[in-house]
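Hydrogens, waters and symmetry mates are skipped; everything else that's a heavy atom, side chains included, is used.
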Amino acid sequence: MFIAMNRFRVNPARTQEFETLWLERETRLQGLPGFVEFHMLRGPEEEDHVLYASHTIWRSRGDFEAWTHSEAFRTAHANAGQSRREGLYLGPPKFEGFEVIQTIGSDDDAR
């Protein structure tokens with residue numbers, strides 16, 4: 001399993017705008033080979049930003065990398081630098097990729 005994360009430092013005065021952009025966007029992830037699930041996470045609020053992280057789980061690193069070279073990826077990211085978003089972010093998103101080395105489920109998962 002592979003987890004792909006992007007961290008976003010968002011202007012505290014514009015968190016509602018950021019959340020609306022994500023909640024209303026058209027996703028192109030369902031049905032992609034190896035895609036498992038997506039989460040948008042809201043983290044701690046600092047003086048100058050609120051931390052958000054997108055968290056996508058893939059069956060393998062290869063499945064994630066295939067998606068990043070796909071037309072679906074290009075279409076999903078076509079408007080990433082729109083000028084209306086100027087001042088929304090404190091810098092570009094920070095990507096982090098992780099190979100899963102251990103998974104522990106709840107007791108409920110065993111039933």
Side-chain angles (χ1 to χ4, degrees):
M1 205 172 344
F2 184 76
I3 297 175
M5 296 183 74
N6 275 299
R7 292 174 178 249
F8 303 88
R9 294 178 302 141
V10 176
N11 178 336
R14 296 179 68 185
T15 58
Q16 187 60 52
E17 178 184 353
F18 175 82
E19 291 179 16
T20 298
L21 282 169
W22 280 91
L23 293 171
E24 293 180 354
R25 73 185 174 81
E26 182 180 348
T27 180
R28 292 173 166 62
L29 294 170
Q30 289 99 339
L32 290 173
F35 171 73
V36 177
E37 62 187 10
F38 170 88
H39 301 271
M40 175 53 78
L41 311 171
R42 182 179 179 148
E45 185 168 337
E46 302 291 334
E47 187 175 313
D48 65 340
H49 71 277
V50 177
L51 183 64
Y52 287 84
S54 64
H55 173 188
T56 311
I57 301 175
W58 296 86
R59 186 178 54 217
S60 70
R61 179 188 290 265
D63 288 325
F64 168 74
E65 290 175 350
W67 173 67
T68 65
H69 295 95
S70 72
E71 184 61 34
F73 179 88
R74 284 186 289 281
T75 302
H77 294 85
N79 297 322
Q82 285 184 341
S83 61
R84 72 181 176 134
R85 296 185 186 155
E86 187 174 326
L88 182 61
Y89 304 104
L90 275 63
K94 179 177 176 19
F95 174 78
E96 299 170 316
F98 300 90
E99 296 283 348
V100 175
I101 62 168
Q102 181 183 33
T103 300
I104 299 172
S106 70
D107 290 339
D108 293 341
D109 292 340
R111 294 182 195 157

Under a 4.5 Å cut-off applied to non-hydrogen side-chain atoms, are Trp22 and Arg25 in contact? yes
With a 4.5 Å cut-off on side-chain heavy-atom distances among I, L, V, M, F, W and Y, is there a chain of contacts connecting Ile57 to Val100? yes
Identify whether Leu88 and Leu51 are in the same connected component of the hydrophobic contact network (ILVMFWY, side-chain heavy atoms under 4.5 Å). no
Under a 4.5 Å side-chain heavy-atom rule over Ile, Leu, Val, Met, Phe, Trp and Tyr, are Tyr89 and Leu23 clustered together? no
Does the pair His55 and Ile3 meet the rule for a side-chain contact (heavy atoms from CB on, under 4.5 Å), with working shown? CA-CA 7 Å; His55 173 188; Ile3 297 175; 3.1 Å; yes
On a heavy-atom basis, the closest approach of Glu65 and His69 is O-ND1, 2.7 Å
Rounded to the nearest 0.5 Å, what's the gap from CG on Asp63 to OG1 on Thr56? Could you check? 13.0 Å
So CD of Glu37 and CH2 of Trp58: to nearest 0.5 Å the spacing works out to 12.0 Å
Met40 and Phe8: CA distance, side-chain angles, deciding distance, side-chain contact (heavy atoms from CB on, under 4.5 Å) verdict: CA-CA 10 Å; Met40 175 53 78; Phe8 303 88; 4.2 Å; yes
I need the minimum non-hydrogen distance between Ala4 and Phe64, along with the two atoms involved. CB-CE1, 3.5 Å
Are Val10 and Phe38 connected into the same hydrophobic cluster when the rule is that any two of I, L, V, M, F, W, Y join if their side-chain heavy atoms are below 4.5 Å apart? yes
I need the Tyr52 OH to Leu41 CG distance, nearest 0.5 Å. 11.0 Å
Report whether Phe95 and Trp67 are members of the same hydrophobic cluster (ILVMFWY, side-chain heavy atoms less than 4.5 Å apart, transitive linking). yes
Of all heavy-atom pairs between Asn6 and Pro93, which one has the smallest distance, and what is that distance? OD1-CB, 4.1 Å
Please report the interatomic distance CE(Met5) to OG(Ser54), rounded to the nearest 0.5 Å. 7.5 Å
Can you tell me how far apart CD (Gln16) and CG (Leu21) are? Round to the nearest 0.5 Å. 10.5 Å
Working to the nearest 0.5 Å, report the span between CD of Glu47 and CD of Glu45. 10.5 Å
Worked check of side-chain contact (heavy atoms from CB on, under 4.5 Å) between Asn11 and His49: CA-CA 5 Å; Asn11 178 336; His49 71 277; over 6 Å; no
For Thr15 and Arg42: C-alpha separation, side-chain torsions, deciding distance, then whether side-chain contact (heavy atoms from CB on, under 4.5 Å) applies. CA-CA 10 Å; Thr15 58; Arg42 182 179 179 148; 4.1 Å; yes
